[in-house]
Amino acid sequence: LLIINNYPSSNRTIYKFVHDRVKEYKKSINITVYCLNSSKEKDYVYEGVNVIVGDKKRLLKIINSNEYNKYLFHSLNINMSKLILKHLVNKKIFIWFHGTDCLSWKKRLGNINFDKYFIFKPIVLLKIIPFIIINISKLKKIIKINLKCKYVNFIFVSNWLKDASEKDLKIKYKNSNIIPNYINTK
């Protein structure tokens with residue numbers, strides 16, 4: 001079961017790079033996507049991928065059914081991390097890092113389109129930097145706890161990202177792999 005906070009659909013292209021990866025995985029393994037959010041959207045199939053949409057309560061029902069023996073997380077956030085610590089202790093877990101989820105706040109500022117907020121740039125910075133710092137410090141604590149678990153495997157899209165994350169968070173990842181993002185050449 002792949003757990004993510006958002007997923008592409010016929011009218012939304014967010015996380016298309018994850019979808020491309022999932023389509024490749026489907027060629028050799030059975031995989032379902034769980035979109036963990038509180039939207040009222042119904043489950044759907046997108047380009048052959050089954051997408052379950054729901055909140056934490058629905059996800060816990062699926063976890064407790066023991067239907068899946070591996071859990072894959074993309075774009076790790078605090079809610080997902082708490083779920084891992086509480087409910088998936090002895091399950092095989094793969095956590096993909098793409099950048100914003102494992103780098104310092106200074107590097108994450110590059111993801112903000114300041115042209116859009118030109119007049120309000122100082123206000124945006126004052127609001128967003130504390131949010132990023134708090135979020136990454138919580139994730140750092142959770143990553144450190146997960147480092148002790150032999151069932152958790154951290155996956156980075158590049159050596160640079162792994163090295164930068166280790167430096168920024170002052171963490172040494174034990175169980176980790178580098179798997180570049182899938183590139184669709186068609």
Nearest-0.5 Å distance, [atom1] of residue [X] to [atom2] of residue [Y]:
| X | Y | atom1 | atom2 | value |
| --- | --- | --- | --- | --- |
| Ser176 | Ile171 | OG | CD1 | 12.0 Å |
| Ile155 | Leu161 | CD1 | CG | 12.5 Å |
| Asn66 | Asn64 | CG | CG | 7.5 Å |
| Glu47 | Ser9 | CD | OG | 10.5 Å |
| Asp55 | Leu60 | CG | CG | 9.0 Å |
| Lys61 | Arg58 | NZ | CZ | 9.0 Å |

Not counting sequence neighbours, list each pair that qualifies as a ring-ring contact (aromatic ring centres under 6.0 Å, His included) and has a residue in residues 21-56.
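Pairs touching residues 21-56 that pass the test: His19-Tyr46.
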Among pairs that include at least one residue of residues 53-74, which meet ring-ring contact (aromatic ring centres under 6.0 Å, His included), considering only residues two or more places apart or in two chains?
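Those involving residues 53-74 are His74-Trp96, His74-His98.
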Quick one: does [X]'s side chain get under 4.5 Å of [Y]'s, heavy atoms only?
| X | Y | value |
| --- | --- | --- |
| Phe17 | Val157 | no |
| Val49 | Lys23 | yes |
| Asn5 | Asn37 | no |

Minimum heavy-atom separation for Thr32 and Asn50, please, with both atom names.
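The pair with the smallest heavy-atom distance is CG2-O, 3.7 Å.
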Heavy-atom pair with the smallest gap, counting every atom of Leu36 and Lys56
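Smallest interatomic distance, heavy atoms only, reads CD1-N, 3.6 Å.
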Exam field: side chain [X] to backbone [Y], donor-acceptor pair closer than 3.5 Å:
| X | Y | answer |
| --- | --- | --- |
| Arg21 | Pro180 | yes |
| Asp43 | Val53 | yes |
| Asn159 | Lys162 | no |
| Glu67 | Ile62 | no |

Would you indicate whether Lys70, at its atom NZ, is surrounded by more than 12 heavy atoms from other residues, nucleotides or ligands within a distance under 6.0 Å?
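No - once you tally the heavy atoms of other residues, nucleotides and ligands closer than 6.0 Å, there are 12 at most.
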Please tell me whether Phe156 and Phe97 form a close aromatic pair, meaning their ring centres lie under 6.0 Å apart.
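Yes, close enough.
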Set of residues satisfying salt bridge (charged side-chain N to carboxylate O under 4.0 Å, His left out) with respect to Lys91, sequence neighbours excluded:
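Expected list: none.
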Given Leu1, which partner from the list Leu59, Val33, Ile31 fulfils the side chain to side chain contact (heavy atoms under 4.5 Å, CB included) test?
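For Leu1, the side chain to side chain contact (heavy atoms under 4.5 Å, CB included) test succeeds with only one of Leu59, Val33, Ile31, which is Leu59.
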Modelled atom types, side-chain donor and acceptor of Asn153 and Asn177, under 3.5 Å:
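On atom types as modelled, these side chains qualify, holding a pair under 3.5 Å.
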Looking at Lys16 and Asp20, is there a salt bridge between them, counting it only when a charged N and a carboxylate O are closer than 4.0 Å?
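Counted as a salt bridge, because a side-chain N and a carboxylate O are separated by less than 4.0 Å.
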Could you go through the salt bridge (Lys or Arg N to Asp or Glu O under 4.0 Å) check for Glu24 and Lys27 one step at a time?
CA-CA 6 Å; Glu24 284 302 303; Lys27 292 177 180 176; 2.8 Å; yes
Following the transitive rule for hydrophobic clusters with a side-chain heavy-atom cut-off under 4.5 Å over Ile, Leu, Val, Met, Phe, Trp and Tyr, establish whether Val45 and Tyr7 coincide in one cluster.
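Val45 does not cluster with Tyr7.
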